[in-house]
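Since the structure is predicted, the reported quantities are computational estimates derived from the model, not experimental observations.
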Amino acid sequence: MSIRKALIPMIFILSGLCITPTVLANGGTWGDDQASAPSFHSPISLKQAERLLGQKDVYFFDVNPEDIWQQGHIPGAVNINKPDWQSLLPKNKTATLIFYCMNKLCVASDEAAKATEAMGYTHVFYHA
């Protein structure tokens, strides 16, 4: 068995342990309607994010490096791996912002969510 194959299950277990306290502190996961959205950044599942795709005032932000973004990204998503990324955010601070990364080991989506929350945005989510 290769080291990579042996480590993959452990990585998924550890990443689950890191996310679980955040989800539990938030009373579970975010509901179907935006009115129940918390006022702090929160993890969002792929299924929940897919339901929001194309809705008014919902923005997807890809935090991956440009070369990975060019290989594939969510339609309509904006790549924010740029020095002036804050200028790419909507003016509406109550818009729903969803940041995503290429895998669960990437913390850039969480960091971007924290930064936008500090800027006054109230419906901020991340998915790794």
_When you compare the side chains of Asn81 and Asn79, does any donor N or O come within less than 3.5 Å of an acceptor on the partner?_
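Side chains of Asn81 and Asn79: no pair found under 3.5 Å.
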If you take all heavy atoms of [X] and [Y], which pair is closest and at what distance?
X      : Y      : answer
Phe125 : Ala113 : O-CB, 4.4 Å
Thr94  : Thr122 : CA-OG1, 3.7 Å
Ala112 : Trp85  : O-CH2, 4.0 Å

When you compare the side chain of [Y] with that of [X], does any pair of heavy atoms fall below 4.5 Å?
X      : Y      : result
His41  : Asp110 : yes
Leu52  : Ile44  : yes
Val124 : Phe99  : yes
Pro90  : Asp57  : no
Thr96  : Gln55  : no
Val63  : Tyr126 : no

For this session: Check whether Tyr100 and Val107 end up in the same hydrophobic cluster, where Ile, Leu, Val, Met, Phe, Trp and Tyr are linked by side-chain heavy atoms less than 4.5 Å apart.
Result: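 As far as the 4.5 Å side-chain criterion goes, Val107 and Tyr100 are not connected within one cluster.
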Output the distance between atom [atom1] ([X]) and atom [atom2] ([Y]), rounded to the nearest 0.5 Å.
X      : Y      : atom1 : atom2 : value
Ser109 : Asp62  : OG    : CG    : 10.0 Å
Lys93  : Met119 : NZ    : CE    : 5.5 Å
His127 : Cys106 : NE2   : SG    : 11.0 Å
Arg51  : Gln48  : CZ    : CD    : 6.0 Å
Leu97  : Tyr59  : CG    : OH    : 8.5 Å
Glu66  : His73  : CD    : NE2   : 9.5 Å

>> Just to verify, what does Asp67 make a side chain to side chain contact (heavy atoms under 4.5 Å, CB included) with, not counting sequence neighbours?
In response: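 If we apply the side chain to side chain contact (heavy atoms under 4.5 Å, CB included) test to Asp67, skipping adjacent residues, the hits are Pro65.
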| said: List the residues meeting side chain to side chain contact (heavy atoms under 4.5 Å, CB included) with Val78, not counting sequence neighbours, and say none if there are none. | reply: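 Checked Val78 against side chain to side chain contact (heavy atoms under 4.5 Å, CB included); matches are Phe61, Ile80, Leu88.
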Starting from Ile68, walk the hydrophobic network (Ile, Leu, Val, Met, Phe, Trp, Tyr; side-chain heavy atoms closer than 4.5 Å) and list everyone else you reach, by chain and number.
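Members alongside Ile68: Met102.
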